[in-house]
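Comments concern the structure below.
Positions are given from 1, in the same order as the sequence printed here. The analysis underlying the following values was restricted to heavy atoms, covering all of them including side chains, and did not include hydrogens, waters or symmetry mates.
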Amino acid sequence: MSLQVDIMTAMKAAMKGKDQTALAALRAVKSEILLAQTATGSKEEISEDEEIKILSKMVKQRKDSAAIFLEQDRNDLAEPELAQAEIISQFLPAQLSEEEITVAVMKTIAATGAEGMKDMGKVMGMVSTELAGKADGKTISNIVKAKLS
């Protein structure tokens with residue numbers, strides 16, 4: 001519930017400040033959370049892990065869209081997407097550095113006894129679960145590939 005309260009507080013501040021970009025991003029977050037709650041048919045709140053997954057997905061969508069717009073030289077469309085991604089990412093846990101991710105990957109490799117690329121799925125599954133919301137899946141994948149090859 002604390003995330004929803006934080007979102008509502010930020011929405012009120014965006015409304016008072018007439019910040020349309022922040023307001024659009026926060027309304028989208030609120031909408032996604034409500035959709036996730038009603039998808040199960042229960043009136044219970046969704047878990048914090050699910051909220052983090054939703055926010056991560058929304059940030060990734062906006063960054064992907066911005067990348068496509070930049071490829072097509074549409075800076076006018078890319079800038080709002082990047083601004084919204086920045087606003088949404090404020091509600092995510094702090095992202096880990098590559099060094100911290102590498103340490104987690106090495107611990108998992110040692111724990112599982114992974115020896116090569118054939119064990120990548122096992123390592124990725126464990127590391128992704130451990131670092132959910134704290135690290136980008138693509139970064140984790142690149143580090144795991146580097147360490148297992």
Side-chain angles (χ1 to χ4, degrees), residues 1-11 21-149:
M1 186 66 179
S2 64
L3 178 65
Q4 289 182 339
V5 171
D6 292 345
I7 298 287
M8 288 304 295
T9 304
M11 278 179 64
T21 304
L23 193 57
L26 295 169
R27 282 182 174 154
V29 170
K30 183 180 175 192
S31 172
E32 287 292 323
I33 290 172
L34 287 174
L35 284 172
Q37 283 178 336
T38 56
T40 60
S42 66
K43 293 186 179 182
E44 296 179 17
E45 299 164 7
I46 59 175
S47 70
E48 188 175 331
D49 290 340
E50 290 179 38
E51 290 173 343
I52 290 171
K53 285 180 187 176
I54 290 169
L55 293 177
S56 297
K57 178 180 145 191
M58 293 180 74
V59 169
K60 184 177 182 327
Q61 286 173 337
R62 279 155 180 75
K63 286 183 178 179
D64 290 347
S65 296
I68 292 169
F69 291 142
L70 289 173
E71 282 178 14
Q72 299 172 351
D73 291 328
R74 294 295 311 262
N75 291 338
D76 58 322
L77 297 175
E79 288 173 10
E81 293 291 328
L82 290 172
Q84 285 187 15
E86 186 65 33
I87 291 164
I88 295 169
S89 64
Q90 293 173 0
F91 296 98
L92 285 171
Q95 298 293 301
L96 298 176
S97 67
E98 284 196 28
E99 293 82 27
E100 294 169 315
I101 297 169
T102 303
V103 169
V105 168
M106 294 306 292
K107 283 182 187 175
T108 305
I109 290 173
T112 59
E115 297 177 355
M117 290 304 288
K118 66 181 181 345
D119 296 323
M120 183 172 174
K122 184 180 359 175
V123 174
M124 277 296 299
M126 292 178 72
V127 173
S128 296
T129 303
E130 179 185 342
L131 303 180
K134 298 177 187 172
D136 180 43
K138 192 173 190 177
T139 305
I140 295 171
S141 174
N142 291 338
I143 292 172
V144 170
K145 282 180 188 174
K147 296 299 178 186
L148 289 179
S149 59

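To the nearest 0.5 Å, atom CE of residue Met106 and atom CD1 of residue Ile101 are 14.5 Å apart. Interatomic distance, Phe91 CZ to Leu3 CG, rounded to the nearest 0.5 Å: 7.0 Å. Expressed to the nearest 0.5 Å, how far CG of Leu77 lies from CG of Leu82 amounts to 11.0 Å. To the nearest 0.5 Å, atoms CG (Asp6) and CE (Met11) are separated by 13.0 Å. Taking CE of Met124 as the reference point, atom CG of Asp119 lies at 13.5 Å (rounded to 0.5 Å).
Other residues, nucleotides and ligands contribute over 12 non-hydrogen atoms within 6.0 Å of the CD atom of Gln90. Annotation: Lys122, atom NZ; neighbour count of heavy atoms from other residues, nucleotides and ligands within 6.0 Å is above 12.
The backbone N or O of Ser97 sits less than 3.5 Å from a side-chain atom of Glu100, completing a donor-acceptor pair. Of the possible donor and acceptor atoms, one in the side chain of Thr102 sits under 3.5 Å from a partner among the backbone N and O of Glu98. Distance alone, capped at 3.5 Å, is enough to place a donor-acceptor pair between the Thr38 side chain and the Leu35 backbone.
Proximity of Arg27 to Glu32: side-chain heavy atoms (C-beta onward) are nowhere separated by under 4.5 Å.
Listed here is the closest heavy atom pair of Ile87 and Ala22: CD1-CA, 3.3 Å. In plain terms, the two heavy atoms of Ala25 and Ile88 that are nearest each other are CB-CG1, 4.1 Å. Closest non-hydrogen pair, Ser56 versus Leu92, comes out as OG-CD2, 3.7 Å. What you find for Pro80 and Thr21 is that their closest heavy atoms are O-CG2, 4.1 Å. Nearest heavy-atom pair, Gln84 versus Ala24, reported as atom, atom and distance to 0.1 Å: NE2-CB, 3.7 Å. Of all heavy-atom pairs spanning Ala104 and Glu130, the tightest one is CB-OE2, 4.0 Å.
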Distance-only donor-acceptor pairs under 3.5 Å for side chains of residues 63-70, two or more places apart:
{"residue": "Asp64", "atom": "OD2", "partner": "Lys60", "partner atom": "NZ", "Å": "3.0"}
{"residue": "Ser65", "atom": "OG", "partner": "Gln61", "partner atom": "O", "Å": "3.0"}

Enumerate donor-acceptor pairs with a distance under 3.5 Å from any side-chain N or O in residues 137-149 to protein atoms, sequence neighbours excluded.
{"residue": "Asn142", "atom": "ND2", "partner": "Lys138", "partner atom": "O", "Å": "3.3"}
{"residue": "Ser149", "atom": "OG", "partner": "Lys145", "partner atom": "O", "Å": "2.8"}

